[in-house]
Amino acid sequence: MKPKINILIVEPSDIIRCGLESILDSEDFSFLAPLRDVPADLPSRLGRIQPDILILNPNLLPMPQRMTLSQIMQARPQMSVVALVYQYVEPQLLQGFKTVLDIRMQASHIPQLLRESYLPPSSEETENYDLSERESEVLVEVAKGLSSKEIADKLNISIHTVNTHRKNITAKTGIKSVAGLAVYAMLHNLV
């Protein structure tokens, strides 16, 4: 039996928090006591409670947001920090997050998004560079020349999720160009 992924949700809305917990209610995930806001001592708390995934409403970050997000990530580098979005957030701020969870996305996609955003320490140690099923799907569409927006529409996921998959693909393959990714896809019989 594999260990559960511990999730800490920082969100003031009970409806959204409970909805996420309901969607993620499976043997894969367990939930730590949620927070309604970002406490000043959040970085030190993260070291004590050790969540694997932090789901955080970016609008709760105090100014300057980038510094706070950086402190959070330094407190627990192996933790995946996911932006919970349901209103406008500056795109520059979202770049600091591992991935974006938009509450308008289909419930069935959320567990997989979180599983893919979390890389357990044992996987990092063994340097497993295999692409996930969803990353392979995104790679195929990139190889076909589709833009991130077109891929998002075709796969019914958010553009932020597509961009996260593209970053992961680049990190795992070491290939930055679309032409190089197309060759990689052909060599691995994906297209």
Side-chain angles (χ1 to χ4, degrees), residues 2-3 5 7 20 23-24 26 28-29 51-58 65-66 69-70 72-74 76-86 88-191:
K2 64 182 180 180
I5 298 172
I7 297 178
L20 271 174
I23 290 168
L24 299 171
S26 75
D28 291 351
F29 303 104
D52 298 314
I53 298 175
L54 173 65
I55 299 176
L56 173 67
N57 179 336
Q65 293 150 323
R66 284 181 179 261
L69 188 56
S70 174
I72 289 169
M73 292 177 161
Q74 287 175 1
R76 188 153 164 76
Q78 65 275 28
M79 175 183 65
S80 178
V81 183
V82 177
L84 175 62
V85 176
Y86 52 90
Y88 177 77
V89 177
E90 290 190 32
Q92 294 167 330
L93 177 59
L94 292 177
Q95 291 175 355
F97 288 86
K98 174 82 174 184
T99 193
V100 175
L101 191 163
D102 189 317
I103 66 164
R104 293 171 290 260
M105 77 178 14
Q106 289 184 352
S108 60
H109 293 289
I110 294 172
Q112 186 63 30
L113 172 77
L114 293 178
R115 280 187 207 98
E116 289 175 0
S117 79
Y118 174 65
L119 185 62
S122 61
S123 296
E124 291 175 337
E125 292 165 10
T126 60
E127 294 187 8
N128 180 0
Y129 293 111
D130 292 336
L131 297 180
S132 70
E133 185 178 331
R134 185 59 106 179
E135 288 167 344
S136 295
E137 291 173 5
V138 170
L139 176 59
V140 167
E141 302 308 323
V142 168
K144 291 178 181 177
L146 271 62
S147 69
S148 292
K149 170 111 176 69
E150 292 168 326
I151 295 169
D153 291 342
K154 184 171 183 176
L155 299 178
N156 199 19
I157 56 178
S158 77
I159 193 166
H160 300 294
T161 302
V162 172
N163 290 334
T164 297
H165 288 311
R166 290 182 76 153
K167 287 178 193 174
N168 291 342
I169 292 165
T170 298
K172 289 179 179 181
T173 63
I175 301 169
K176 295 180 181 176
S177 71
V178 173
L181 290 172
V183 170
Y184 180 90
M186 286 187 290
L187 290 174
H188 289 85
N189 298 319
L190 297 173
V191 288

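Expressed to the nearest 0.5 Å, how far OG of Ser132 lies from CG of Asn168 amounts to 7.5 Å. Note that CG of Leu84 and CZ of Phe97 are 9.5 Å apart. Values are rounded to the nearest 0.5 Å. Here the OG-CG distance, from Ser136 to Leu190, works out to 5.5 Å after rounding to the nearest 0.5 Å. In this structure, OG on Ser158 lies 11.0 Å from CG on Asp153, to the nearest 0.5 angstrom.
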- [ ] Please step through side-chain contact (heavy atoms from CB on, under 4.5 Å) for the pair Met105 and Leu113, ending with a clear verdict.
- [x] CA-CA 10 Å; Met105 77 178 14; Leu113 172 77; 3.9 Å; yes

Open item on the list: Please determine whether side-chain hydrogen bond (donor to acceptor under 3.5 Å, both in side chains) holds for the pair His109 and Gln106, giving the CA-CA distance in whole Å, both sets of side-chain angles, and the decisive distance to 0.1 Å.
Closed with: CA-CA 6 Å; His109 293 289; Gln106 289 184 352; 3.0 Å; yes

Task: Residues Thr161, Val100; criterion side-chain contact (heavy atoms from CB on, under 4.5 Å); working and verdict - done: CA-CA 6 Å; Thr161 302; Val100 175; 5.7 Å; no

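Residues passing the salt bridge (Lys or Arg N to Asp or Glu O under 4.0 Å) test with Glu141, sequence neighbours excluded: Lys144, Lys154. For Asp102, the side-chain hydrogen bond (donor to acceptor under 3.5 Å, both in side chains) partners are Arg104, not counting sequence neighbours.
Using a 4.5 Å heavy-atom threshold, the side chains of Phe29 and Asp52 count as separate. The shortest distance between side-chain heavy atoms of Val142 and Ile151 falls below 4.5 Å. Taking 4.5 Å as the limit, some side-chain heavy atom of Ile55 sits within range of a side-chain heavy atom of Leu20. In this structure the side chain of Leu101 never reaches within 4.5 angstrom of the side chain of Val85, judged on heavy atoms. In this structure the side chain of Thr170 never reaches within 4.5 angstrom of the side chain of Ile175, judged on heavy atoms. The side-chain heavy atoms of Leu54 and Ser80, taken from C-beta on, include no pair separated by under 4.5 Å. Between His160 and Leu94 there is a side-chain heavy-atom pair separated by less than 4.5 Å.
Under 3.5 Å, the side chains of His165 and Glu137 contain no donor-acceptor pair of N or O atoms.
Remark: Glu135 does not engage Arg166 in a salt bridge, criterion side-chain N to carboxylate O under 4.0 Å.
Nearest heavy-atom pair, Asn57 versus Tyr86, reported as atom, atom and distance to 0.1 Å: ND2-OH, 3.1 Å.
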